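Just so it is clear, the model here is predicted, and its values are computed rather than measured. Side-chain atoms are counted along with the backbone in the values below, which use heavy atoms only and exclude waters and symmetry mates. Every chain is numbered from 1 and lettered A, B, ... according to where its sequence line falls, protein lines coming before strand lines.
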Amino acid sequence: MRLIVLPPLNVSLIFFFLRILTNVQFVRGRRRSCKAPSWFAKRRVEPSIYRNELTADNAEFVREVILDKYADKSSPLKEAPWPRNEWQPKRSMRGGLLAIKIGTVPQWTKDGRKFNCTMLQVIDNHVIRYTPPEVFTQSAGYKSKWKGAYGSLVVGALSSDPQLFSAQYLGLFKEAGVPPKRKLTRFLISPECAIQPGTPLSAMHFKVGDYVDVQAKTIGHGFQGVVKRWGFKGGPASHGPTKFQRRPGSIGSGRKMSRVMPGKKLPGHMGMDWNTLRGLKIWRMNTKYNVLYVMGGNLPGPNHCYVRIYDSQLPTHVQQRAQKPPPMPTFYPELDASEPIPEEIFDDELFEFTEPSIVYEEGKK
Amino acid sequence: MAALMRSRLPSLLPSLPLSQNFSTTNSLQHIIKLTRLRVVDNSMLGNQSVVAGKPPRCIHVYNKTGVGRVGDKVLVAIMGQKKRAFIVGVKQRARPNKPRFDSNNIVLVEDNGAPTGTRIRVPVPSDMRAMEGDVTKILALATKFA
Amino acid sequence: MVVSSRSLSKLFTSTSRRRFCSKAEGLSNAEITKKRNELFGREKARQLALITRVEKIEVEHVGPPENCRLLMNKGLSTPFNCAMHIQENLMSRSVLALVNGQPWDLHRPLEDHCELKFLHFKDEDPALSNKAFWRTGSFLIGYTLERVFKDQHYVQLCSFPRPRVETGSFVYDAHLGISDWTPSQAELQCMSRVPAKLQFEDFKLERLTVDASLASKMFEDNKFKSSQIPFIAAKSKTGHSVTLYRMDDHVDISEGPLIASTALINRFNITAIHDIESEDYGSLKRVQGLSTPKQLPIHFWNYGILCERAAKLNPAPMPAQWNKEAMATRNNA
Amino acid sequence: MLRFGIRNRPRRLSKAMGRKEDGHGTGPPGRLERMTIIVNSLVRHERIEGSHQYMDEARGYTERLLQIAAQGDKNHEAMDVANYWLKDKDLIHKLFKVLVPRYENYTTCATRMWTLPVEYPGGKNKTSILELKGNPWPPVVPNPRNNSKSLINVLLHNAKKDYRSASKDGTPV
Amino acid sequence: MADKLATLGFRSFLSHQFLKRSVAAVSCRYANTLSNETVEKHRTSTLAHDKEQKEEKKISAPAPPGLKHVHPEFLPNPTFYRRDRIKEKLERQDMYRRRAVCPIPEFYVGSIMAVTLADPYASGKTNRFVGICIQRASYGLRANFTLRNVVDNQGLEIRYDMYSPLIQKVEVLRLEKRLDDELFYLRDAPAEFSTVPFNLEAVSHPPGAPVPVNTTKVKLGPRPWHERWERRNLRGVQDLGLPEKFYEKAKKVAKPWEEYDLMLKYRTSINPQETDEVMDEVAEGFREIERKRRREKLEKS
Amino acid sequence: MTNLATKCRNVIRLLHRHCAAINESLFSKSNGLHPALALDVAAPPSFKQQPSKPFSLNDLFADNIFWAAVPKKRRSYAKKWTRRFGPDKIRKFMTPRINLVSCLECGTWHERHSICGSCYEKVREETKAMQSSMNPEEFHYNHPRSEVAYVFHGEDANDHPDKYIVEVDKPRPDWWPKHMLTKGHGKYS
C-alpha cells in the first residue's frame, strides 16, 4: 500500500500528461529545441543532498526495498491482459523500441559483398503508458497534422534508482508499476497496436529481415561556419582574397528579393539535432543480449547514444509488411515462442562466420 | 627494352633539369589533370616517352568527377600529341582485396578504341575483367592479373 | 487497593461521559481554543508584570562558534536571546538548549547563572532533540485535530504517550466525536496539509507554568484533561502547577521540552487513525503521524518507506486514568 | 587500472603556470614539465594544495607513476620513468623504498582529493588538496561526524528491523 | 565503483567528490548519450527485466604472455568513445568462428606470406598473391594486413581483410620479424628489397622457437620520397645521407616528451588487467578451435 | 574628399584647444598641491612613463586612428550599466547559492562538496609546524628513505619501529582523532 505523499503529486498526474520526447517537428529550416517543453515533469534531484544523510546500512536497506518492490513483478495490474488485435495491412502502425548504439561492425553477404552494420542494444524497455487517440488529441504535444488517427505509446528504457528522480517524475511510473526509467520516448501507434503498460519489450519486437526507421540526435559540433555546416566551397586560398576564405558570400539577390529567404544556409549551431535514417534492413539479431544489427554504419549520434527504432514508414516497406505481418502488438515470449529462441538469428543472405569461405562456381561469370 | 629500365622505378627526371620539368614531389596519388603517367604497353609512343624522359601527362579525364580511377579513359599529352588511354593501375589507396600500384599506369588506345600496343608488360587488376565497354579490348593484351 | 481505584475511575468515567457530552453540545472547538488562548495570554502578561526589578545573570555559552560569557536578564531573557547575541546560525538551527545539563526550551526564560549549550538535529547524539521533535509532533496532531473537523464534531483531546522515536510514529489519542469514520488516503492527505503549512510560519512554542486551578478552568470542557489535571498538578514540583504550551492559538498540557519553532519542521504527515479501547476513557481514536526536520533532508522515496511503517498501529500504551500507583511507576520509569 | 574517475580527454592546461622567462616551457612539453613539478612536490610533501585542474591532472600521473614504480627499482623502464618524473633524485629512493611498499596491498587508489572552499567573493578558480594516503600529517577532516543516530537514520534503522522481521515470517510487505 | 564508495556514512561525504568524476565526463557534443560506466551499470542492474546473466568464464589456463603480440587485433580499440564490452565480446565470437573455418597462422610485419583469394573472374576462381607483409592494422573484424611485391618491375600492394569470407587460405612462407613496425619505406627502396618470387617454398617455423628478426638495413633510393623518413626514427634503414638541416628540422618537430606522458599512454592503450582478461579468453577460444578440429579429424578418419 | 578635409581641420582645432588645458591642469593644480609640493609619487603613474616630448600631429596619424573602427557617439551611463548589470545579467548576481552548508564543528559556511575552511586552517598550521620541526636540509634535499614518524611531546619513540623519528617539541593537538593513534589505524588516515 503505497502512500501518495505530497499533495501536488496527483495533480501532476492529471496535468503533466506524459513526459514526451516529441520526435522531429521540422519547422522551416533546421530548428531544434534543447529545452524540454514546460509541461514535462521535472526530472532530476541533486542526489548528494540526500545521500550524505543516510548511513551505509540504511542506504543498503533502501536499495533492498526498491528491489523487492520492483524486481520481477508478474503483472502489476489487477485487470486482465489486453486483447491482441489482428494486424491490418497498410493501417496498423506498431510501437517501437528505445535502444542504445553500441558500435559498428563489418559484415559480408553470401556473395562476398562487404557492408557495415550498426549494433543497437535494447536494454530493459517497458511500456509506460498508452493514451487512446480521443484522449491524446486533447493532450499537450499533440499535432493536428496527425488528424487524431494515432494513439500514443510511451516506452521507457534503463530502470534506475528512484532516489535520483523527483516526486513528479516518479508519479509517471505508478500506473505501469515499473521502476523509474532514465529515458522516455513516445511512439505514435494505431489503436489496435496498443500494448498494456508494464509490458517488457525486447529485440524480438522486430524480426530479422524487417526494415526499420532509426532516429537519434546527431553529434553536436557547436557554432560552425557554412563550409563545415553546409559544405560550401568558400573562397580561394591564394591570389589575395582579402579575408574571404570560409565566408558564405552573397546571401540574397537585389531589388525584387532584397531580403534573405527563410531557410538560407548560414553559419549557426550544428548538430545535436534529431535525424532519421529510413528503410534500414535488420540483418542479424542476438537475442541473449538483445542486440539488433542494422544496415549502415552512418547512423546519427555517437556511441552509446539513445536511438529510437520503429517499423519503417517508407511505402515499399509498408506494403512488404502487409504480406509478412510482424508480431502484433509486440513479441510475448511465453505465448509466441514455439521452440526455445536461438541465441543468434541471421538473415539468409548474410554470410555466417561458421560457414566455409565463399567459393565462386566455374559456370557463373 | 629492359636495359633502358634502370634498376629503380622509371626515372621521371629528364636529363637536363629545365625549370618546368623539375618536380619536387612524388607523382600524385590519383589521376587529375597534369598528373604524370606511365605507359605500360609496348607501343612505340610509350617507349619514346620513356627514352626522352618526358612522361605523358593527363590533360582530361572522361568522367564526371575529373578524378581518374582504374578503368577510366583519359586524354594524354604524349610526345607532343594527344592520345587517349585507359588507366590500368593507380597509386591511390585501394579498397580491400584490390591491388594498389606504385605508379599510375595507362595503356594507349587509338581513336577507334583499339589498343596501340600489343602487350601489357605489368600486372593488371583482376576486377577490370568485370568492366564493360571498350576497356575489354585492352584486357586481351594483359598477361598477368593481380 | 488497585482494584478499587479502577472501579472508582470506571464509575467516574461512565457517569462523566454522559454528563459531559450533553454540556459540551453547544460549544465548538474554535470557541474553546479562543477562550484558552485568551486565558493563556492574560496569565502570561500577569506573570511578566510580577518582575519589577531586572537582575543580571551570567550565562556561560559552551560550543560552536566559540565559548563566551553573556550578561542576561533574570527571568526575561531566553536561550534564544543568547543565541541572538552569538550567531544567526544558532538561532535558525537550534532545537533545544541545555541549561546546566538539563534540557530547556529555547524560548523559556532563564532563572539563574547557568552554563548554556545549544542542541540541533546533527549533533553527535541528538537523542534529546529527536525526543523533543517527536513530542512536538504529537502536540501538532492535537493542534490539527482541533482545527480540521467541521464545527458539529466536538473533538476532545485525551493524551499522548511518552515520545518513542523507535516506534516510527508519534501519537495523539482523542475522542473525535465522529461515529464510524475510517479516513481515506485523500482525507489523510488533506489533514496533513494543515500542519505541513506550519513550516512556512515561524510560530514559537511558548511554555508557561500555571496554577492548577487556572489549568482546570481552561480545560473544563475537556473531560479527559480536566480529570487528569489534578494528578499532573500533584506530580509537579510545586505540587499545584501545570506546564502549558501555546503554539499560534492552540494551548495544550505537556511537561517535556518542545522544539523552538515550527520553522524547523520540513515534512509532516498524518499517517493513520486507529480505533483503540481504553478502560478508563472508553473507545478513542489513536491519530498517528510522521515528520522530519528541515536540517535532515530525506528523499521523497525514502520518506514513503517511513510513512508506510508509520501507518501501522503504534504499540504505545493505551491512555489510562492516573492513580497513585501509575504515577509512582511513571516517575521511576 | 586507475581506481578513481578519470576524464576521457586530458586537460590542455595551456595557461602557463610559470612564464617562459622562468624557464617553464609552453605547449605540451611545458604542460608535462608543470606536471613533473607538481608530482615532485606531492611525493616530497605528501599533501599539496593548488588549482583543481592541475591537482586532478597530476593525480593521474602520480597514480600511474606509483603503479609503474611497483615493478621495482631493478626494472629499467620504472627507473627511467621515475628519473624523468622526479627532478629531485632523493625522492626516487623515497618512491621505491617508502611509497611502493606503503601501497603494496591497497585495494583503493593511492591518492585522495578534497575541494577547498571558495574564498569570498569567489571568481578565482577552484582550489583543492591532493594528498597521498598514509601520510603522517593530521587528517584533513579531523573527526568525521557519524550520523547513525540522526532522526531519519534511527527511523530507517527501525523500519529495517520491522521490514526484515516481517519478510522473514512470510507476511507480504 | 562509485556505488561501493557511496555506502559508508563518512565516505559518502567523499563519494560526492568521486561520483561526479567517476561518471566519465561526456562532453556536451554528445547530448542524449550515456557514459560507458552508466551503460554497464544498467546492463547488470537487478532492476532490469532482461538483466545480463553472469556466465562464469571457463578459463582452464592463463594465456601465454606473448599472445598479445601474436593476435593484436583481438584487443579492442582503446579510444574511449569506441569501447563497449558487449560489442567487443560479440565481435570476438565471430572472429573465433571465422578462424575455426579458415585458420590464420601467426605472422608479423616482415613475414613473407601468400594469400589465396576467391576471385569470380580469375581462371580456377582463385587468385594467389605472394608478398612481404608491410603493415598490420585495425581491430576486431576490421583487422587487415598489406602484402607488397614487385612483379615485372611494377611495385604492387594488396590490403586483405583478415576476416573476409573471400580469403580461401593464408600461408606464411617465411615467419620473421623486421626492426620496424611498418615497412612503408620499401616503396622508396630499390625493387629487390620488395621482390618475392611467387614460387617461394614455405619454410616451416619450428613451433615454440623464438621468431627470427631479419636485421637487413634497406638502402633507400634518391629523394623525392613518400614521407620524411628521417623523422620516423626507423631502425631498418641505412643512413639516409641527408644534409644536416633535415635532421635539425626533424629534431624541432619531434615529440620526445610523449614517451613519458603516462596518462597519454594509459588512455591510448588497454590497461594490463583488461588485456589479460581478453587474452585469456582468446587463448580459450583457440583451444576450443583445436578441440573442434581434432573432433572433425576423428569423425573423418 | 572635401568633407574629410573639413573634418580633419575641426579635429586639429579641437585638439589644440584642449592640449593647452591638458598641459595647464597637469602642472599647476595637480591634486590641489603647489607644484613644488607635488611629489613625484603623487603624479598619475601613466604620465610618469611618457617622455616629455612636445605634442605633434603625426602621433595622431601614426597609430592610424582614422582606419580603426571607433565608436561614433559616447555611450551613456544608462546604456553601459544596463549592458553590465541589466535584466539579462541579473541572473548572474541574483541567483541564490543553495548549496551552502554550515560546518558542524565551527559553524562557518562552505559549499556542500567542499571541506570547512576554518577547520582546515588548524590542520594546515599543524602540518606546517610538523614539517618545520624536521630539519629542513633533510626534508627538502635529502628525504629519509623510510616512513617518517612525528613523535610529539610526551610520546615515546619506540612504538614506531624502523621509522625515521622526528621530535616535535609540543603536545599533540587535542583535536587529533584518537582512533588514529592505535596500531594499524583506520583507513581514514
Chemist: Rounded to the nearest 0.5 Å, what's the gap from CG on Asn286(A) to CD1 on Ile86(E)? Could you check?
Modeler: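 It comes to 8.5 Å.
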
Chemist: Any donor-acceptor pair under 3.5 Å linking the side-chain atoms of Asp84(E) with those of His304(A)?
Modeler: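 Present: a donor and an acceptor within the cut-off.
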
Chemist: Non-hydrogen atoms of chain E under 4.5 Å away: do they reach the side chain of Asn116(A), the backbone, both or neither?
Modeler: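 Only the side chain of Asn116(A) comes within 4.5 Å of chain E.
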
Chemist: Where do Lys183(A) and Leu34(E) land on the side chain to side chain contact (heavy atoms under 4.5 Å, CB included) test, with the steps shown first?
Modeler: CA-CA 11 Å; Lys183(A) 194 75 187 178; Leu34(E) 296 167; over 6 Å; no

Chemist: Taking the basic N atoms (NZ, or NE/NH1/NH2) and the acidic carboxylate oxygens, is any pair closer than 4.0 Å for Arg97(E) and Glu355(A)?
Modeler: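 No, this pair does not count.
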
Chemist: Quick one: what part of Pro179(A) sits under 4.5 Å from any heavy atom of chain E, side chain, backbone, both or neither?
Modeler: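 Answer is side chain: those atoms of Pro179(A) sit under 4.5 Å from chain E.
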
Chemist: To the nearest 0.5 angstrom, please state how far the CG atom of Leu166(E) sits from the OH atom of Tyr360(A).
Modeler: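 Leu166(E) atom CG to Tyr360(A) atom OH measures 4.5 Å (nearest 0.5 Å).
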
Chemist: Looking at CG of Leu67(A) and OG1 of Thr46(E), how far apart are the two atoms once the value is rounded to the nearest 0.5 Å?
Modeler: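 Going from CG on Leu67(A) over to OG1 on Thr46(E), the span is 4.0 Å.
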
Chemist: Considering only heavy atoms, which portion of Arg284(A) lies under 4.5 Å from any heavy atom of chain E: side chain, backbone, both, or neither?
Modeler: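 The side chain, not the backbone.
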
Chemist: List the steps and the verdict of side chain to side chain contact (heavy atoms under 4.5 Å, CB included) for Lys89(E) and Tyr289(A).
Modeler: CA-CA 11 Å; Lys89(E) 174 184 273 199; Tyr289(A) 296 107; 3.2 Å; yes

Chemist: Search all heavy atoms of Asn303(A) against all heavy atoms of Thr33(E) and return the closest pair with its distance.
Modeler: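 The pair with the smallest heavy-atom distance is O-CG2, 3.3 Å.
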
Chemist: Which answer fits Val122(A), side chain, backbone, both or neither, if we ask what part of it has an atom under 4.5 Å from a heavy atom of chain E?
Modeler: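 The backbone, not the side chain.
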
Chemist: Where do Phe351(A) and Arg98(E) land on the side chain to side chain contact (heavy atoms under 4.5 Å, CB included) test, with the steps shown first?
Modeler: CA-CA 11 Å; Phe351(A) 172 78; Arg98(E) 176 65 193 156; 3.9 Å; yes

Chemist: What's the shortest heavy-atom distance between Phe353(A) and Tyr163(E), and which atoms?
Modeler: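 Taking Phe353(A) first and Tyr163(E) second, the nearest heavy atoms are CE2-O, 3.8 Å.
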
Chemist: Check each atom of Ile100(A) against the heavy atoms of chain E and say whether the ones under 4.5 Å are side chain, backbone, both or neither.
Modeler: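 The side chain, not the backbone.
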
Chemist: Please examine the side chains of Ile102(A) and Arg85(E), heavy atoms only from C-beta on, and report whether any two atoms are closer than 4.5 Å.
Modeler: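 Sidechains of Ile102(A) and Arg85(E): no contact.
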
Chemist: Considering only heavy atoms and a distance below 4.5 Å, find which of Met119(A), Gln121(A), Lys114(A) pairs most often with chain E.
Modeler: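 Among the listed options, the one with the most contacts to chain E is Gln121(A).
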
Chemist: So for Gln93(E), is it side chain, backbone, both, or neither that comes closer than 4.5 Å to the heavy atoms of chain A?
Modeler: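 For Gln93(E), the contact with chain A is made by the side chain alone.
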
Chemist: For Gln107(A) and Leu141(E), what are the C-alpha separation, side-chain angles and deciding distance, and is it a side chain to side chain contact (heavy atoms under 4.5 Å, CB included)?
Modeler: CA-CA 8 Å; Gln107(A) 297 285 312; Leu141(E) 286 171; 4.1 Å; yes

Chemist: For chain E, find which of Lys110(A), Glu344(A), Lys101(A) contributes the most heavy-atom pairs closer than 4.5 angstrom.
Modeler: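 Top count of heavy-atom pairs under 4.5 Å with chain E: Glu344(A).
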
Chemist: Tell me, out of Asp161(E), Asp119(E), Leu47(E), who's got the most heavy-atom pairs with chain A below 4.5 Å.
Modeler: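 It is Leu47(E).
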
Chemist: Does His42(E) use its side chain to pair, donor to acceptor, with the backbone of Ile123(A) at less than 3.5 Å?
Modeler: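 Not confirmed, His42(E) side chain does not pair with Ile123(A) backbone.
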
Chemist: Nearest 0.5 angstrom please: Ser45(E) OG to Leu158(A) CG, how far?
Modeler: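 One gets 9.0 Å once the value is rounded to the nearest 0.5 Å.
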
Chemist: Do the non-hydrogen side-chain atoms of Ile219(A) and Tyr81(E) ever get within less than 4.5 Å of each other?
Modeler: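 No, too far: nothing below the 4.5 Å cut-off.
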
Chemist: Is it the side chain or the backbone of Lys288(A) that comes within 4.5 Å of chain E heavy atoms, both, or neither?
Modeler: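 The side chain, not the backbone.
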
Chemist: Under 4.5 Å from any heavy atom of chain E, what part of Leu201(A) do you find: side chain, backbone, both or neither?
Modeler: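 Contact with chain E is through the backbone of Leu201(A) alone.
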
Chemist: Counting distance only, does the side-chain N/O of Ser357(A) pair as donor-acceptor with the main-chain N or O of Ile167(E) below 3.5 Å?
Modeler: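 The answer is yes, because a donor-acceptor pair under 3.5 Å joins these two groups.
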
Chemist: Quiz question: by atom type and distance under 3.5 Å, do the side chains of Arg82(E) and Thr104(A) form a donor-acceptor pair?
Modeler: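 No donor-acceptor contact under 3.5 Å links the two side chains.
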
